[in-house]
Amino acid sequence: MGVKTLLLLLLVSVLAALGLAADSHHGHSMPGAPVNISQNDRGLQQVVLNAAYSFNNQSNDAYLFKPSAIRRAQKQIVKGVRYIIDLEISRTVCHKRRNSKNLSKCDFQPKGPLHQTFQCHFEFWMIPWKNENTTQILHCKA
Ligand SMILES: *[C@@H]1O[C@H](CO)[C@@H](O)[C@H](O)[C@H]1NC(C)=O
Ligand SMILES: *[C@@H]1O[C@H](CO)[C@@H](O)[C@H](O)[C@H]1NC(C)=O
Ligand SMILES: *[C@@H]1O[C@H](CO)[C@@H](O)[C@H](O)[C@H]1NC(C)=O
Ligand SMILES: *[C@@H]1O[C@H](CO)[C@@H](O)[C@H](O)[C@H]1NC(C)=O
């Protein structure tokens with residue numbers, strides 16, 4: 001490789017690095033592959049709650065459901081942050097009509113006929129620079 005080629009390569013990579021930095025500054029970072037995240041990921045608990053809120057909003061159940069387990073959680077940087085989550089949500093003892101705002105005050109149903117868990121796949125996209133959140137997928141099955 002000649003010196004000219006080397007310099008050109010160097011220039012290109014410096015420009016690419018600058019471009020990336022400028023881009024991510026505006027939230028338009030290069031799309032990355034989804035990566036596994038830990039259950040303790042900052043933000044994950046909040047996102048998982050959004051799945052329960054959507055589920056409760058769509059269901060005709062007399063009781064509220066809330067997350068009971070996270071089976072898989074991935075995060076992808078793509079014009080914001082996309083979460084890809086497999087979780088379980090279970091029926092609580094809180095009646096929907098009583099309109100409990102705080103799910104953490106709702107215990108799960110004890111073992112018995114009202115005890116029920118759904119397996120859900122949830123894809124949630126947060127676009128902070130547009131102040132926008134979108135639920136892309138929420139599929140649940142018993
Ligand atoms: C609940 O669902 C209705 C109808 O699909 C929708 O208009 C409303 O914005 C939803 N509310 C929440 C809190 O998601
Ligand atoms: C990501 O997590 C899933 C489910 O826990 C696991 O099966 C998979 O091997 C993990 N992938 C990597 C790259 O760690
Ligand atoms: C919900 O209740 C829990 C436990 O009582 C409390 O720690 C938390 O601050 C409450 N959250 C809200 C939003 O009220
Ligand atoms: C988007 O969701 C996150 C996590 O639940 C929340 O902190 C944020 O306020 C939401 N933003 C909008 C615009 O709703």
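Each residue takes its place number in the sequence, starting with 1. Each ligand, and each atom within it, is numbered from 1 in the order the structure gives.
- Within the 4.5 Å cutoff, side-chain heavy atoms of Leu44 are placed close to those of Tyr83.
- Counting only heavy atoms of the protein, atom 7 (O) of ligand 4 lies nearest to Gln46 CG, 4.5 Å.
- Side-chain contact between Tyr63 and Gln109: present, with at least one pair of heavy atoms (C-beta onward) separated by less than 4.5 Å.
- At a threshold of 4.5 Å between non-hydrogen side-chain atoms, the residues His121 and Arg72 count as touching.
- Heavy-atom proximity to Met126, at under 4.0 Å, picks out these atoms of ligand 4: 2 (O), 3 (C), 4 (C).
- Salt-bridge formation is detected for the pair Asp41/Lys75: a Lys NZ or Arg NE/NH1/NH2 atom is positioned less than 4.0 Å from an Asp or Glu carboxylate oxygen.
- For atom 11 (N) of ligand 2, the choice among Ile37, Val35, Ile70, Asn36 with the nearest heavy atom turns out to be Asn36.
- At the shortest separation from atom 12 (C) of ligand 4 among protein heavy atoms lies Asn133 ND2, 3.2 Å.
- One option in Leu49, Val81, Asn131, Val47 has a heavy atom closer to atom 13 (C) of ligand 4 than any other, and that option is Asn131.
- A cation-pi geometry, defined here as NZ or CZ lying under 6.0 Å from the six-membered ring centre and within 45° of its normal, holds between Lys66 and Phe108.
- Arg71 and Asp86 are not joined by a salt bridge, as no carboxylate oxygen comes within less than 4.0 angstrom of a charged side-chain nitrogen.
- Residue contacts with ligand 4, taken as heavy atom pairs separated by less than 4.0 Å, involve Asn50 solely via side-chain atoms from C-beta onward.
- Put simply, atom 5 (O) of ligand 4 has protein non-hydrogen atoms near it, under 4.0 Å away.
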